[in-house]
Amino acid sequence: MEKDAKIYVAGHRGMVGSALIRRLQKAGFTNFVTRTSNELDLRDQAAVAAFFTQEKPEYVVLAAAKVGGIQANNTYRAEFLYDNLMIESNVIHHSYLNGVKKLLFLGSSCIYPKLAPQPLQEDALLTGELESTNEPYAVAKIAGIKLCDAYRSQYGCNYISAMPTNLYGPHDNYDLKNSHVLPALLRKFHEAKEAGTPEVEVWGTGTPRREFLHVDDLADACYWLLENYNEPGLVNIGTGTDLSIRELAELVQRTVGYEGSIRFNSDYPDGTPRKLMDVSKLAGHGWAARIGLEEGVRAVYAGAFEQAAAK
Ligand SMILES: NC(=O)C1=CN([C@@H]2O[C@H](COP(=O)(O)OP(=O)(O)OC[C@H]3O[C@@H](n4cnc5c(N)ncnc54)[C@H](OP(=O)(O)O)[C@@H]3O)[C@@H](O)[C@H]2O)C=CC1
Ligand SMILES: C[C@H]1O[C@H](OP(=O)(O)OP(=O)(O)OC[C@H]2O[C@@H](n3cnc4c(=O)[nH]c(N)nc43)[C@H](O)[C@@H]2O)[C@@H](O)[C@@H](O)C1=O
């Protein structure tokens, strides 16, 4: 990409979009187009059409989406399907109509079947039943991948799809009901320590396994893809290692310095038993994650809670 290329980062205030902007700025890019969801609702086809005609971005990163943890996905099922289908359809179609040179679509590891062989290889897509708690979101994300591939094969558009594993980092969502597990646990353990509460409730059985990637590593991989990767289909982005939710809770407990106990509440769903990414495709190109989980969680905790408390 030319250093003065006009790049539209959809979702620039989110955890992923903001990390992408930081990474692109570090590489010397300056010409960004951004809109908040209040300024441009990407579900609105007429508004998206007007925006693309006016701004004519050369590159598009689609990091705007309705996003949330297991409970949000399971509760707001219609919104996760409708919003994401509309956002993807509008942004991808109007990128095509306006001659965007390259588009990067962000999916998620939840597109793979619930019981797919581990680690999850890219060709496991559409080989089995999805996990029910996030089926609407997964169906929308699969549609996004297929849109990119269909616009490539019919119109020759260079649209690529990246599938990140579970992410964490600056600008994460800390809402206790709607967030993902890692920010939720950081907040729960932090508040329990501050209040002297004797135990912290962790959802589910603690046995599901998850892989966590720092969003700065994700942004680095996305930048590499934008510069170097022009293939149909999908590319996994992860660390290639996972841990159980129990082990994650213990890691957060240590990081926060909480001395009470952990209680698992199996009234909450576990979701997918395991979703470890096979990262050999990107590794084959020499890309690997750099930020270890302990180190990443320590940095995020310091940024989100300790510094906030010191203010
Ligand atoms: N977080 C994770 O663990 C993972 C995320 N991903 C993917 O990465 C991408 C980004 O996720 P993440 O950064 O975590 O999510 P965030 O919730 O942090 O950010 C999402 C962004 O999308 C924008 N947005 C949502 N709805 C609309 C809309 N109707 N119109 C315009 N903009 C909208 C929001 O804009 P505004 O702030 O202006 O309201 C927000 O900035 C998503 O595609 C997600 O599926 C994939 C795997 C894991
Ligand atoms: C990124 C990915 O994120 C979602 O999938 P998920 O990985 O299941 O999401 P999660 O982070 O919310 O939970 C991971 C595990 O952790 C357990 N868990 C314990 N205690 C808390 C807790 O306090 N909050 C949450 N949210 N989970 C908890 C929880 O029960 C589950 O077993 C998809 O819907 C989809 O959106 C997607 O793509």
Side-chain angles (χ1 to χ4, degrees), residues 1-3 5-11 16-17 19-20 23-24 27 29 57-65 84-85 87-89 91-113 116-128 138-165 167 211 213 215 217-240 275-290:
M1 292 190 296
E2 317 72 36
K3 285 291 189 283
K6 190 168 187 180
I7 306 172
Y8 171 42
V9 179
V16 170
L20 242 310
R23 181 65 186 86
L24 289 164
F29 294 88
E58 297 171 78
Y59 295 88
V60 172
V61 178
L62 182 38
N84 287 315
L85 285 173
I87 291 170
E88 293 158 10
S89 302
V91 172
I92 291 170
H93 187 62
H94 291 281
S95 292
Y96 154 63
L97 291 180
N98 290 278
V100 164
K101 290 181 190 165
K102 186 166 182 177
L103 177 146
L104 169 62
F105 169 67
L106 284 151
S108 158
S109 58
C110 73
I111 51 127
Y112 291 112
Q118 306 285 323
L120 297 159
Q121 294 182 345
E122 285 88 353
D123 63 9
L125 182 68
L126 292 174
T127 56
V139 166
K141 290 293 184 186
I142 293 169
I145 298 166
K146 295 299 175 188
L147 277 167
C148 289
D149 284 350
Y151 278 67
R152 174 184 290 277
S153 68
Q154 185 174 347
Y155 303 127
C157 298
N158 189 9
Y159 297 169
I160 60 172
S161 298
M163 297 305 117
T165 190
L167 304 170
E211 176 185 1
L213 179 72
V215 74
D217 273 335
L218 173 80
D220 191 58
C222 289
Y223 175 52
W224 187 88
L225 293 171
L226 281 167
E227 290 285 19
N228 301 294
Y229 193 83
N230 304 299
E231 304 294 325
L234 49 159
V235 190
N236 289 341
I237 308 180
T239 62
K275 39 180 177 174
L276 175 66
M277 292 292 213
D278 182 319
V279 291
S280 49
K281 207 167 176 177
L282 262 186
H285 292 284
W287 188 88
R290 293 199 193 108

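Computation of the quantities below employed the complete heavy-atom set of this structure, encompassing side-chain atoms and omitting hydrogens, waters and symmetry-equivalent molecules. Owing to the predicted nature of the structure, the values given are computational and were not obtained by experimental measurement.
Summarising the geometry of Ala27 relative to Lys3, their closest heavy-atom pair is O-CE, 2.5 Å, with the distance given to 0.1 Å. In terms of heavy atoms, Ala124 sits closest to Pro113 at O-CD, 3.3 Å. Looking at every heavy atom in both residues, Phe105 comes nearest to Ile145 through CE2-N, 3.6 Å. When all heavy atoms are compared, the tightest approach of Trp287 to Gly238 is CZ3-O, 3.9 Å. In plain terms, the two heavy atoms of Ile160 and Asn230 that are nearest each other are CG2-CA, 4.1 Å. In plain terms, the two heavy atoms of Leu276 and Gln118 that are nearest each other are N-OE1, 2.8 Å.
Distance check: Tyr112 OH to Thr127 OG1 gives 9.5 Å after rounding to the nearest 0.5 Å. Distance check: Leu20 CG to Leu104 CG gives 7.0 Å after rounding to the nearest 0.5 Å. The CG atom of Leu125 sits 5.0 Å away from the CD1 atom of Ile111 when rounded to the nearest 0.5 Å. Atoms NZ and OH, on Lys146 and Tyr151 in that order, are 15.5 Å from each other to the nearest 0.5 Å.
Residues Asn236 and Ser109 form no side-chain contact, since every pair of their non-hydrogen atoms from C-beta on lies 4.5 Å or further apart. Put simply, the side chain of Ile87 reaches to within 4.5 Å of the side chain of Leu62, judged on heavy atoms.
Formation of a donor-acceptor pair under 3.5 Å by the Lys141 side chain with backbone atoms of Leu106 is found in this model.
Between Lys281 and Glu231 there is no salt bridge, since no side-chain nitrogen of the basic residue lies less than 4.0 Å from a carboxylate oxygen of the acidic one. We find that Asp220 and Arg23 are joined by a salt bridge, their nearest charged nitrogen and carboxylate oxygen being less than 4.0 Å apart.
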Item checked: Audit row: Val100, His94, side chain to side chain contact (heavy atoms under 4.5 Å, CB included) steps and yes/no -> CA-CA 9 Å; Val100 164; His94 291 281; over 6 Å; no

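Classified by interplanar angle (parallel below 30°, tilted 30° to 60°, perpendicular above 60°), the ring pair Trp224/His285 is tilted.
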